[in-house]
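Just so you know, residue 1 is the first one in the sequence shown, and it goes up from there. Remember, it's a predicted structure, so these values are computed and weren't measured experimentally.
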Amino acid sequence: MRLCAWYLYGEKHRGYALNPVANFHLQNGSVMWRINWMADTSPRGIGASCGMMVNYRYFLEDTASNSAAYLGTQQIQASEQVLSLVSQFQQNSKL
């Protein structure tokens with residue numbers, strides 16, 4: 001889950017999220033809300049993402065500012081759960 005959080009939050013292409021689904025939701029002003037272990041146990045889900053899924057949450061009062069921050073400065077809004085996983089990855093990674 002730490003690696004998944006880093007991939008979604010930290011891996012970038014030209015400053016934006018490398019994952020196209022994450023990039024789509026973040027451009028539209030969402031918050032990277034939660035990473036779920038074994039949320040998709042179908043053969044396709046296991047093959048594509050080891051069964052993990054992410055929830056993006058839209059707070060209507062914040063979508064415009066979140067979108068502007070992402071598009072302008074590549075700042076990703078994320079929950080404490082996601083940020084904690086990213087931090088754990090960074091502490092334990094040799095990247």
> With sequence neighbours left out, what residues match T63 under side-chain contact (heavy atoms from CB on, under 4.5 Å)?
Replying inline: Y58
> Should L26 and F59 be regarded as members of a common hydrophobic cluster, given that ILVMFWY residues are connected when their side-chain heavy atoms come within less than 4.5 Å of each other, either directly or indirectly?
Replying inline: no
>> Under a 3.5 Å distance rule, please check whether S87 uses its side chain to pair with a backbone N or O of L83 as donor and acceptor.
In response: no
> If you measure from CG on L85 to CE on M32, what distance do you get to the nearest 0.5 Å?
Replying inline: 11.5 Å
> Are W6 and Q90 linked by a side-chain donor-acceptor pair shorter than 3.5 Å?
Replying inline: no
>> Applying side-chain hydrogen bond (donor to acceptor under 3.5 Å, both in side chains) as the test, list every pair that has at least one member in residues 34-43; sequence neighbours left out.
In response: R34-N36, R34-N55, N36-N55, D40-S42
>> Tell me every residue that passes side-chain contact (heavy atoms from CB on, under 4.5 Å) with N19, counting only those two or more places apart in sequence or in another chain.
In response: Y7, L8, V21, A22
> When clusters are formed from ILVMFWY side-chain contacts under 4.5 Å, directly or step by step, what else is grouped with L60?
Replying inline: none
> With sequence neighbours left out, what residues match Y9 under side-chain hydrogen bond (donor to acceptor under 3.5 Å, both in side chains)?
Replying inline: none
> Hey, are the side chains of Q77 and R57 touching, using non-hydrogen atoms and a 4.5 Å cut-off?
Replying inline: no
> If you take all heavy atoms of I35 and C4, which pair is closest and at what distance?
Replying inline: CG2-SG, 4.0 Å
>> The criterion is side-chain contact (heavy atoms from CB on, under 4.5 Å); which residues satisfy it with F24, sequence neighbours excluded?
In response: N28
> Residues in side-chain hydrogen bond (donor to acceptor under 3.5 Å, both in side chains) with Q88, at least two apart?
Replying inline: S84
>> side chain to side chain contact (heavy atoms under 4.5 Å, CB included) for W33 and V82? Distances and angles first, verdict last.
In response: CA-CA 7 Å; W33 191 250; V82 173; over 6 Å; no
> How many angstroms lie between atom OG of S30 and atom CG of D62, to the nearest 0.5 angstrom?
Replying inline: 11.5 Å
> With the 4.5 Å side-chain cut-off for hydrophobic clustering, are M52 and V86 part of the same group?
Replying inline: yes
> Between CD of Q91 and CZ of R2, what distance do you get to the nearest 0.5 Å?
Replying inline: 9.5 Å
>> Do Y70 and N23 have side chains that approach each other closer than 4.5 Å (heavy atoms only, starting at C-beta)?
In response: yes
>> Would you say that more than 12 heavy atoms from the other residues, nucleotides or ligands in this model lie under 6.0 Å from the CD of E80, or not?
In response: no
>> Are the side chains of L18 and K12 in contact, using a 4.5 Å heavy-atom criterion?
In response: no
> Who passes ring-ring contact (aromatic ring centres under 6.0 Å, His included) against Y56, sequence neighbours left out?
Replying inline: H25
> Got a sec, which hydrophobics cluster with M53, joining ILVMFWY side chains under 4.5 Å apart, including via others?
Replying inline: none
>> According to side-chain hydrogen bond (donor to acceptor under 3.5 Å, both in side chains), who are the partners of Q74, at least two apart in sequence or on a separate chain?
In response: Y16
> Can you tell me how far CG of L71 sits from OG of S67, rounded to the nearest 0.5 angstrom?
Replying inline: 4.5 Å
